[in-house]
Number of protein chains: 2
Amino acid sequence: MSDALDASLRLVRAQVALVKRFDTSLSGLHGVSLADFTMLLRLGEAPGGRMRRVDLAEKLGLTASGVTRGLAPLERIGLVMRETDARDGRVAYAALTDTGRERLTDMLATAEQIAAETFAAPLWSKEDIGHLSALLTRLGGTGLPGHGAPPP
Amino acid sequence: MSDALDASLRLVRAQVALVKRFDTSLSGLHGVSLADFTMLLRLGEAPGGRMRRVDLAEKLGLTASGVTRGLAPLERIGLVMRETDARDGRVAYAALTDTGRERLTDMLATAEQIAAETFAAPLWSKEDIGHLSALLTRLGGTGLPGHGAPPP
DNA sequence: TCACTATGCTTGAGCAGTCAAGGATTCGTT
DNA sequence: AACGAATCCTTGACTGCTCAAGCATAGTGA
């Protein structure tokens, strides 16, 4: 097997393990999955804490229906609310509620801790993490900005 | 957000994109998913082309029931057959059929090509691929051997 | 103005995996 | 020899996503 295929399969494997870790902690402490957390995080990053659902899908690498299904429980428990657009009747925004913002802060702390444990020294150096991130960014999954050197 | 959390989320994102690529080509050309292909590949690597189902689960990072469900369609289409153990009545082996072996060869060629395209020069150097692989191996998902330098 | 097309979103059906429970078999201890 | 614990596997119920279809609204060109 080539190195490229080997790397591909390792990537799949590593992700499964990583997601499992995050899911366990996040659901234990906050009752949300990593997917839920990521949704809330991207909403939190958006101006006004709100996005069109279709844009959220793009940013998450999901389909529109995935967003509909994923947001439903978050709306039900009051972390996210639905807002409409006065100009365009087709559009529905997803917006963080105040509760959602608060809870997100706690979740973020948990997620940061898991990430820190996962990439802990001495096994992982700061350079390793940056390098991994850069390599993964090359693999794409459009929707996220790179973080390498800006063009000259 | 820390670099560690950023890398974690990028890993998830990159995997989704990668899996989508493999799934599209493999299912188009051979009617199997990446998960199916990986199952067959691991079976093919095992001595005699057969493994206990529980060991296959371990190697794939799945649960036993995931293997049961995943193998079912492969048995149905004749790529994998079930074998019993004369010594231990609890055990059921999963074994590649002759057809399975042939088809696996073709699938492997396809998978190699996707991998080669994904990690094509000039964006990716041989060192990049090796480095990525090494970093991912550190992230674990036990069951696969590392491929770094052997102990002194 | 009015059809046609494009966009945003939701819904039904289906697939791939999980967990929890259960059945069958084996192992270990007395 | 026999009981209890452990192992291997499958099954039912569920989750979280996909695709395809459909509905409503908006934009476009004759």
Side-chain angles (χ1 to χ4, degrees), chain A residues 12-13 15-24 26-28 31-40 50-77 80-95 141, chain B residues 12-13 15-24 26-28 31-40 50-77 80-95 141:
Chain A
V12 174
R13 200 71 158 64
Q15 191 254 18
V16 170
L18 194 74
V19 168
K20 211 164 284 177
R21 262 182 113 135
F22 276 89
D23 273 346
T24 301
L26 284 172
S27 89
V32 299
S33 68
L34 175 59
D36 294 332
F37 163 70
T38 309
M39 278 197 169
L40 295 172
R50 52 183 242 144
M51 295 178 82
R52 300 192 320 165
R53 303 161 88 87
V54 69
D55 294 336
L56 183 55
E58 156 74 16
K59 188 141 260 180
L60 292 168
L62 297 181
T63 60
S65 75
V67 167
T68 295
R69 300 210 198 279
L71 283 178
L74 300 178
E75 290 169 356
R76 212 164 29 69
I77 62 178
V80 169
M81 58 187 292
R82 169 181 304 263
E83 291 181 359
T84 58
D85 187 321
R87 307 289 185 83
D88 188 336
R90 291 168 300 182
V91 170
Y93 287 86
Chain B
V12 174
R13 200 71 158 66
Q15 191 255 15
V16 170
L18 194 73
V19 168
K20 211 163 285 177
R21 260 182 114 136
F22 277 89
D23 273 347
T24 301
L26 284 172
S27 90
V32 299
S33 67
L34 175 59
D36 294 332
F37 163 70
T38 310
M39 279 197 169
L40 296 172
R50 52 185 243 144
M51 294 177 83
R52 300 191 323 165
R53 299 162 91 86
V54 69
D55 294 335
L56 183 56
E58 156 74 16
K59 188 141 261 181
L60 292 168
L62 297 182
T63 61
S65 74
V67 167
T68 295
R69 300 229 195 299
L71 283 179
L74 300 179
E75 292 169 357
R76 213 165 29 70
I77 63 178
V80 170
M81 57 186 295
R82 168 182 304 264
E83 292 180 0
T84 58
D85 187 320
R87 308 289 187 83
D88 189 335
R90 291 167 302 182
V91 171
Y93 287 86

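Everything numeric here is computed off the predicted structure, so don't read it as measured data. Throughout, protein chains are lettered first and strands after them, A, B, ... in sequence-line order, and every chain is numbered starting at 1.
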Protein-nucleotide distance ([X], atom [atom1]; [N], atom [atom2]), rounded to Å:
| X | N | atom1 | atom2 | value |
| --- | --- | --- | --- | --- |
| Leu34(B) | dC15(C) | CG | P | 18 Å |
| Leu56(B) | dG17(C) | CG | P | 12 Å |
| Arg90(A) | dG8(C) | CZ | P | 6 Å |
| Asp23(B) | dA16(C) | CG | P | 9 Å |

Which ones in residues 66-73 of chain A lie close to DNA chain C, meaning a heavy atom under 4.0 Å from one of its atoms?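 DNA chain C contact set from residues 66-73 of chain A: Thr68(A), Arg69(A).
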Scan residues 80-89 of chain B against DNA chain D and write down, sorted by residue number, each residue with any heavy atom closer than 4.0 Å; if none is found, say none.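 Close to the strand are Arg82(B).
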Between which nucleotides of DNA chain D, read 5' to 3', does contact with chain A run, using atoms under 4.0 Å from its heavy atoms?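 Going 5' to 3' along DNA chain D, contacts run dC17(D) to dA26(D).
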Can you check whether Met81(A)'s main-chain N or O pairs, donor with acceptor, with Arg50(A)'s side chain at less than 3.5 Å?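 It does not hold such a pair.
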Answer yes or no: is there a donor N or O on one side and an acceptor on the other, between the side chain of Asp36(A) and the main chain of Ser33(A), under 3.5 Å?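 Checking the backbone N and O of Ser33(A) against the side chain of Asp36(A), a donor-acceptor pair under 3.5 Å is found.
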Check: residues 60-74 of chain B side-chain donor-acceptor pairs under 3.5 Å, at least two apart:
from     : atom 1 : to       : atom 2 : distance (Å)
Thr63(B) : OG1    : Ser65(B) : OG     : 3.4
Thr63(B) : OG1    : Gly66(B) : N      : 3.1
Thr68(B) : OG1    : Ala64(B) : O      : 3.3

Among the nucleotides dT18(C), dT26(C), dC9(C), which one has an atom lying closest to any side-chain atom of Ala92(A)?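 The answer is dC9(C).
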How far does CE of Met51(A) sit from CE of Met39(A), to the nearest 0.5 angstrom?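 The distance works out to 11.0 Å.
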Report the distance from atom CZ of Arg52(B) to atom NZ of Lys59(B), rounding to the nearest 0.5 Å.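 Answer rounded to 0.5 Å: 13.0 Å.
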Which pair of heavy atoms, one from Arg13(A) and one from Glu58(B), lies closest together, and at what distance?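 Shortest heavy-atom separation between Arg13(A) and Glu58(B) comes out as NH2-O, 3.0 Å.
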For Leu34(A) and Val12(B), work out which heavy atoms get closest and say how close.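 Of all heavy-atom pairs spanning Leu34(A) and Val12(B), the closest is CD2-CG2, 4.1 Å.
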Tabulate atom names and distances for all N/O pairs under 3.5 angstrom spanning the protein and nucleotides 20-23 of chain C.
none

Qualifying residues under side chain to side chain contact (heavy atoms under 4.5 Å, CB included), relative to Asp85(B), sequence neighbours excluded: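 If we apply the side chain to side chain contact (heavy atoms under 4.5 Å, CB included) test to Asp85(B), skipping adjacent residues, the hits are Arg87(B), Asp88(B), Val91(B), Tyr93(B).
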